[in-house]
Engineer: 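Take a look at the following structure, please.
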Amino acid sequence: MKILVVEDEPRTAQALELGLTECGYEVTITHRGDDAVELICTSAFDAVVMDIMLPGVDGLTAVRTLRQRSNSTPILLLSARGEVNQRIEGLNAGADDYVAKPFAMGEVVARLQALTRRGGEARAILLRVGDLTLDVASRVASRNGRQIDLSAREFKLLEALMRNQGTVCPRSMLLQEVWEYDFDPGTNLVDVYIRKLREKVDNDFDRQLLHTARGIGYLIRE
Amino acid sequence: MTRPDAPSTPPPPSGTASLQRRLTFIHFTLFNIAILITIFFAWHDFYMDHDTSVPEPEVSPVTHLSEIVLRSIFPLAVLDITSWLLIRSTFRPIQNLITAAEKLTTDNLHSPLPVTGRGDEVDRLAWVLNSLTSRLDQSFQRIRGFTLHASHELKTPLTILHTGFERALLNPSLAEHDREQLLAWQDETLRLNRIVSGLSLLTKADAHQVELRPEPVRLDFLVNDLAEDVDVLGHADRLKITVNASGPVSVYADRHRLRQLLLNLADNAVKYNQPGGTVHMSASRIGKDAIMEISNSGPGIPPDSLPRIFDRFYRGPENQSRMIEGSGLGLSIAQWIAEAHGGSLAATSANGLTTLTLRLPAI
């Protein structure tokens with residue numbers, strides 16, 4: 001899968017290149033916003049990771065230009081943490097998602113995977129991991145035919161994990177998707193909820209579905 | 001760094017117009033003494049000039065004196081009033097200067113004090129004060145700019161460290177001992193990250209560069225929603241959570257910031273609690289105020305520390321021994337959020353019960 005990284009800060013660009021290459025992506029790097037627009041219009045990328053502060057034209061303008069030219073390549077914006085305004089502006093401009101700096105590599109990868117998947121298929125209503133199923137429409141979770149009683153928050157957390165099954169969901173991503181917290185609250189909220197979820201989903205079964213990527217986040221897989 | 005508006009200076013001396021009053025008094029006294037002396041000499045000369053051997057029975061010296069006094073009352077009153085008006089108009093620019101200077105804070109140092117344009121001493125004083133405050137303003141802006149730049153510059157190396165640790169942690173053949181070490185270092189980068197983010201938020205807030213997006217928000221819903229998280233967070237310590245937020249309490253607020261504030265208070269109520277303790281949360285409307293209270297059991301905050309818990313990076317002696325980690329900015333940010341919404345955040349602590357009270361204008 002081909003990814004374009006648009007980042008003028010060389011060390012951050014290098015970190016992104018390293019991390020994404022290790023995950024099996026084919027990475028191209030450019031440092032300027034205007035160059036990025038030309039590159040995206042001329043060659044096909046599966047997704048773009050773009051900083052907001054860029055020489056040439058800034059990230060927001062670049063996204064706007066691309067969307068005006070009817071280019072729908074998924075774009076993941078990078079910007080300073082906690083800048084809710086920038087995030088809303090970015091999404092309004094036509095970006096698909098947003099990761100705050102300083103970011104975790106796992107989060108960039110998880111969001112890129114979600115973006116490239118989102119392009120292909122519509123959002124599934126019935127999610128399945130092994131013998132665990134989650135019916136998003138009727139809000140019912142069950143494992144091996146037995147219904148699991150979940151609170152609204154636990155349901156949302158399980159849904160976020162199952163939509164990204166097989167990939168590590170970093171804490172920061174779960175905080176944003178489940179709690180809509182754009183900042184790192186410095187609590188172990190995610191960890192205690194995962195513990196509760198594990199009690200309900202995994203405790204009575206031999207096969208564990210919820211896994212911990214220590215220091216990074218959590219994932220669900222068969 | 002303490003809060004810029006912290007009441008560290010003593011209150012101004014009362015009776016700011018005392019100099020004006022003193023001058024008026026001196027003027028009055030001098031005028032009156034001068035008039036009295038004039039009266040005395042007028043009366044004295046009158047009798048000295050007349051032949052004392054020839055009596056003038058129709059006008060006694062006493063009657064004559066009272067007549068002179070009566071006649072001089074009018075010019076005396078005119079003089080006194082004129083001098084009072086003159087003194088008052090002389091002092092008005094000074095009074096205006098005081099009023100304008102009293103309104104100066106670190107936030108509006110760039111707004112100049114009034115200059116009358118007469119080029120007198122008061123104008124020169126205003127000019128000197130203006131150049132002083134503009135230098136101060138520049139220094140404040142430089143400090144803010146520096147902090148903003150510093151936190152921005154720190155973000156790149158932090159990202160690189162963080163992604164580096166992540167990549168190292170993803171290596172499955174990592175020895176368990178090394179993994180533990182890496183996890184501890186990564187925790188520290190996360191903490192550093194929180195400090196840098198908090199610092200940059202507060203610096204922007206000081207410079208009024210943080211835009212709030214207010215909308216009508218049901219405070220009671222937020223409190224009930226948060227209570228579930230508090231219950232889960234306090235589960236390990238067997239905390240008992242009670243909530244009293246039944247009536248509708250609405251505020252006009254930035255939802256994200258308000259939730260950030262509430263989570264911070266809730267998190268503290270769990271962290272500074274004791275095993276088997278309690279947390280009570282409530283939202284209510286009293287008059288024109290929406291009030292959210294959160295109380296927790298625990299060791300409490302000593303009276304000496306209480307006024308300082310909102311200070312940036314303040315850590316009370318009671319926390320230095322406990323192993324509670326924080327950015328040291330949580331309550332400063334919470335207080336900023338409350339004040340940015342036209343509200344307040346206050347703390348009390350007594351008999352093992354600590355209460356944080358958030359007050360916001362209700363709608």
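Chain naming here is simple, since letters A, B, ... match the order of the sequence lines and numbering starts at 1 in each.
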Engineer: Heavy-atom cut-off 4.5 Å, strictly under: side chain, backbone, both or neither for A:E22 against chain B?
Structural biologist: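 Contact with chain B involves the side chain of A:E22 alone.
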Engineer: At what distance, to the nearest 0.5 angstrom, does CG of B:L174 lie from CZ of A:R214?
Structural biologist: 10.0 Å
Engineer: Search all heavy atoms of A:G215 against all heavy atoms of B:L169 and return the closest pair with its distance.
Structural biologist: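 In terms of heavy atoms, the two residues are closest at CA-CD1, 4.2 Å.
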Engineer: What's the spacing between B:L190 CG and A:S172 OG if we round to 0.5 Å?
Structural biologist: 8.5 Å
Engineer: Answer yes or no: is there an ion pair linking B:E228 with A:R153, defined by an N-O contact shorter than 4.0 Å?
Structural biologist: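 Answer for the salt bridge query: no.
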Engineer: Looking at CZ of A:F183 and CG of B:L201, how far apart are the two atoms once the value is rounded to the nearest 0.5 Å?
Structural biologist: 10.5 Å
Engineer: Quick one: do B:K155 and A:E9 satisfy salt bridge (Lys or Arg N to Asp or Glu O under 4.0 Å)? Show the steps, please.
Structural biologist: CA-CA 11 Å; B:K155 280 179 181 168; A:E9 215 291 314; over 6 Å; no
Engineer: Given that the side chain runs from C-beta out, which part of A:N188 has a heavy atom under 4.5 Å from chain B: side chain, backbone, both or neither?
Structural biologist: both
Engineer: Quick check: are there more than 12 heavy atoms from other residues, nucleotides or ligands sitting under 6.0 Å from NE2 of B:H177?
Structural biologist: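 Counting other residues, nucleotides and ligands, NE2 of B:H177 stays at 12 neighbours or fewer.
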Engineer: Is the backbone N or O of A:I216 less than 3.5 Å from a side-chain atom of B:E166, with the two atoms forming a donor-acceptor pair by type?
Structural biologist: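 It does not hold such a pair.
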Engineer: Could you tell me whether the side chain of A:W179 reaches within less than 4.5 Å of the side chain of B:L263, counting heavy atoms only?
Structural biologist: no
Engineer: Given a strict heavy-atom distance threshold of 4.5 Å, which part of B:E180 is in contact with chain A: side chain, backbone, both, or neither?
Structural biologist: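 Answer is side chain: those atoms of B:E180 sit under 4.5 Å from chain A.
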Engineer: Looking at A:F205, I'd like to know if its CZ atom is crowded, meaning that more than 12 non-hydrogen atoms belonging to other residues, nucleotides or ligands lie closer than 6.0 Å.
Structural biologist: yes
Engineer: Could you tell me whether A:D149 atom CG has more than 12 heavy atoms of other residues or ligands within 6.0 Å of it?
Structural biologist: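 Atom CG in A:D149 is not packed in, count stays at 12 or less.
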Engineer: Determine the minimum heavy-atom distance between B:I160 and A:T12, stating which atoms define it.
Structural biologist: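 That closest heavy-atom pairing would be CD1-N, 4.1 Å.
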Engineer: Would you mind telling me which of B:D225, B:T189, B:L154 has the largest number of heavy-atom pairs within less than 4.5 Å of chain A?
Structural biologist: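 Most heavy-atom pairs within the cutoff with chain A belong to B:D225.
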Engineer: B:T163 and A:A15: which non-hydrogen atoms are nearest, and at how many Å?
Structural biologist: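 Here B:T163 and A:A15 meet closest at OG1-CB, 3.9 Å.
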Engineer: Do B:Q260 and A:Y181 make a side-chain contact, defined as non-hydrogen atoms from C-beta onward lying under 4.5 Å apart?
Structural biologist: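 With C-beta onward as the side chain, the pair stays apart.
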Engineer: Are the side chain of A:R11 and the backbone N or O of B:T159 linked by a donor-acceptor pair below 3.5 Å?
Structural biologist: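 Not at all, since once roles are kept as given, no pair shorter than 3.5 Å links the two residues.
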Engineer: Are side-chain heavy atoms of A:Y193 and B:D229 found at a separation under 4.5 Å?
Structural biologist: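 SC-SC contact between A:Y193 and B:D229 confirmed.
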Engineer: Among B:H235, B:H162, B:R259, who wins on heavy-atom pairs under 4.5 Å with chain A?
Structural biologist: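 Among B:H235, B:H162, B:R259, the one with the most close pairs to chain A is B:R259.
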Engineer: Specify which of B:R167, B:E211, B:Q186, B:R255 makes the most heavy-atom pairs with chain A at under 4.5 Å.
Structural biologist: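 Counting heavy-atom pairs under 4.5 Å, the top option is B:R167.
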Engineer: Are the side chains of B:N193 and A:D184 in contact, using a 4.5 Å heavy-atom criterion?
Structural biologist: no
Engineer: Counting only heavy atoms not in B:K240, do more than 12 fall under 6.0 Å of its NZ?
Structural biologist: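 Not buried by this count: 12 neighbours or fewer within 6.0 Å.
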Engineer: Hey, which of B:L158, B:V232, B:L183 has the most heavy atom pairs under 4.5 Å with chain A?
Structural biologist: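 Result: the option with the highest number of such pairs is B:V232.
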